[in-house]
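Down below is the structure, laid out as structure tokens.
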There are 2 protein chains.
Amino acid sequence: MITTTAVVTSTKPVKRVKVAETACAPIACKDCGIYQLCLTVGGDVDLSLLDSLVKNRRTYKRGELIYRIGEPYRAAFAIRSGAVKTSVLTDDGRVQVTGFHIPGEVLGLNAIINDRYNCEARALETTCVCEVPFDHYEELAHGIPGLQHQMLKIMSQEIVHNQEMMLLLGKKKAEERLATFLVNLSRRLERHGRPALEFKLSMSRSDIGNYLGLAEETVCRVITRFEESSLISTERRLVRLGQMDRLQAMAAGRSSLE
Amino acid sequence: MITTTAVVTSTKPVKRVKVAETACAPIACKDCGIYQLCLTVGGDVDLSLLDSLVKNRRTYKRGELIYRIGEPYRAAFAIRSGAVKTSVLTDDGRVQVTGFHIPGEVLGLNAIINDRYNCEARALETTCVCEVPFDHYEELAHGIPGLQHQMLKIMSQEIVHNQEMMLLLGKKKAEERLATFLVNLSRRLERHGRPALEFKLSMSRSDIGNYLGLAEETVCRVITRFEESSLISTERRLVRLGQMDRLQAMAAGRSSLE
DNA sequence: CGTATCCTTGATGCCTCTCAAGACGGGTGG
DNA sequence: CCACCCGTCTTGAGAGGCATCAAGGATACG
């Protein structure tokens, strides 16, 4: 996604500060997902908690693995900048991309229980993540009522998203799949305060195809058809969504080309 | 699944009893999923907790709705006997079956956070469930360390299962899908102490097809091919798995017919 | 400036869907 | 108890959407 060079200001421990969810205070990790974790029910943020949770901040280059399937659990990861794809494997080596993750989202939380990562995560471009070692998450969660709630919420969101993907993969046609993908990505970018109608894809056509259960070539062809219908316009990985309403209708199966 | 007429003995409150996970003590709800929830890390079961959690026990007839999408959250449900299917919908009315659930499994936990069910659940046959009203789950979880862990575990399992379904729907061929379905169902039946190589399907070919992203007719045809290869034998909804090893190989994509 | 990677477009084939019709079985009412 | 009916299952024929194979062009990067 569009690379933003966030200025990292050092955070002196401050006690519980009220911050509107949409505000954009210059706080370290404000724009990464740890913030999400540290949001209490009322919207307060415990900044000292925030500070104490993040033990490490690391940058991964394009193509680098953040974690592998089956690897012992080290930490959860909150994406500060860049983009990450997660994927699972069949025994015979086929790959299914299960998700793309953008700044502000949290990765690897569900591995807490199994003590092993159940998918692999790979940087799609230069990506900066905050590592949150959750070795003793139970004591942590015990001390911080809001944290536990946020964890459940994030896992719950993932379940809902996966259910939507099952619907897409099981029932939707190629055009509907791509429309769904674009609309969903646009919404998430908007949620994190980025341009929602014009953005740069960080993943290849091949990755998109894999994610959507389509061949790379089919993705290209559908994109071409979308452009011919002036639904969108593209230039390599740059995308402009021209007619959001029609795109949404198509994503829901309420419209199609021809 | 095979209907068992479980004898429900009344449970006088007993304090923490050590029970082996595989044991089959005559405890109410022993064989339903609430047991799962009440297992502490060490394997202890708090029977008084068990008793206090289950507020209601209800039977649903074949086709009856247990909950709808968007409906306000009432409770989680642990299946005692029978079988349940869960499904999600597109805006234009298409349905995707997201799972089949057998006795010993828990339903509707992830709705806790959103306060609304994110899928609908329907009884496939006469089904008895324990209702667990989790209105104040946070205080509950606070008092019972093991409970929170179990909830995370169940949600975590669901995420892993959904990821496997995405792989299946995105990458596997019809034969591999059906083999995966049969092997998975067999494993779960075994886990709950039921015959794993010969069982009765509680869902129609149409439901199976919907779940696997296939047409009803394709399911029939693949079943026929499996029988011709003596991989399995069937009689209506009765299934016998003849060659589990070949079936597993096929599920993983390491083998195919012809 | 060369090379590797990614994107695009065309031609062909196949897997699966759709439509159709018949068989089978279970349940119900006369 | 039997006949009927309806839902479910099965099998066939045909069509279509998408995958696959192939090749050329664009772009980025060293």
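The model shown is predicted, which means the values in this text are computed figures rather than measured ones. Proteins come first, then strands; the chains are lettered A, B, ... in the order of their sequence lines, and each starts at number 1.
- Phosphate contact (OP1/OP2 of C:dC7, side-chain N/O of A:Arg236, threshold under 4.0 Å): absent.
- Rounded to the nearest 0.5 angstrom, A:Arg205 CZ and A:Ile223 CD1 are separated by 4.0 Å.
- Separating the CZ atom in A:Arg221 from the CZ atom in A:Arg225 is a distance of 9.0 Å, to the nearest 0.5 Å.
- With DNA chain D read from its 5' end, the first of the two nearest nucleotides for A:Glu235 and B:Ser204 is the one closest to B:Ser204.
- The interatomic distance linking A:Glu216 (CD) with C:dG10 (C1') rounds to 15 Å, in whole Å.
- The CG atom of B:Leu185 sits 5.5 Å away from atom CE of B:Met203, with the distance rounded to the nearest 0.5 Å.
- Rounded to an integer number of Å, the gap from A:Leu212 CG to D:dG17 P is 19 Å.
- In this structure, the CZ atom of A:Arg205 is 12 Å from the P atom of C:dC6, given to the nearest Å.
- Here the P atom of nucleotide D:dT10 and the CD1 atom of B:Ile208 are 10 Å apart, to the nearest Å.
- Contact check, A:Arg177 against D:dC18: no side-chain N or O comes under 4.0 Å of OP1 or OP2.
- Following rounding to the nearest Å, B:Asn210 (CG) and D:dC9 (P) show an atom-to-atom distance of 14 Å.
- Between B:Arg237 and the phosphate of C:dG26, there is no side-chain N or O to OP1/OP2 separation shorter than 4.0 Å.
- Residue contacts for A:Gly63: at a heavy-atom cut-off of 4.0 Å it reaches no nucleic acid atom on any strand shown.
- Per the geometry, CZ belonging to A:Arg94 stands 14 Å off P belonging to D:dA19, to the nearest Å.
- In this structure, A:Ile223 reaches neither bases nor backbone, as no heavy-atom distance under 4.0 Å exists between it and the strands shown.
- At a threshold of 4.0 angstrom between heavy atoms, the contacts of B:Arg221 include nucleobase atoms, whether or not backbone atoms are also involved.
- In this structure, the side chains of B:Asn118 and B:Val88 stay at 4.5 Å or more apart for every pair of heavy atoms.
- The residue among B:Thr218 and B:Lys173 whose nearest nucleotide of DNA chain D lies closer to the 5′ end is B:Thr218.
- When the side-chain nitrogen and oxygen atoms of A:Ser206 are compared with OP1 and OP2 of C:dC7, none of them lie within a distance under 4.0 Å.
- Between B:Phe77 and B:Tyr117, the ring planes lie tilted relative to each other; the angle falls in the 30° to 60° range.
- Among the protein residues, B:Gly209 comes within range of no part of the nucleic acid, since none of its heavy atoms lies under 4.0 Å from any strand.
- Contacts of B:Arg62 with the nucleic acid, taken as non-hydrogen atoms under 4.0 Å apart, involve only primed sugar atoms and P, OP1 or OP2.
- Rounded to an integer number of Å, the gap from CE of B:Met203 to C1' of D:dG7 is 18 Å.
- When heavy atoms are screened at a 4.0 angstrom cut-off, A:Ala215 is found touching base atoms of the nucleic acid.
- What separates CG of A:Leu178 from C1' of D:dC18 is a distance of 14 Å, to the nearest Å.
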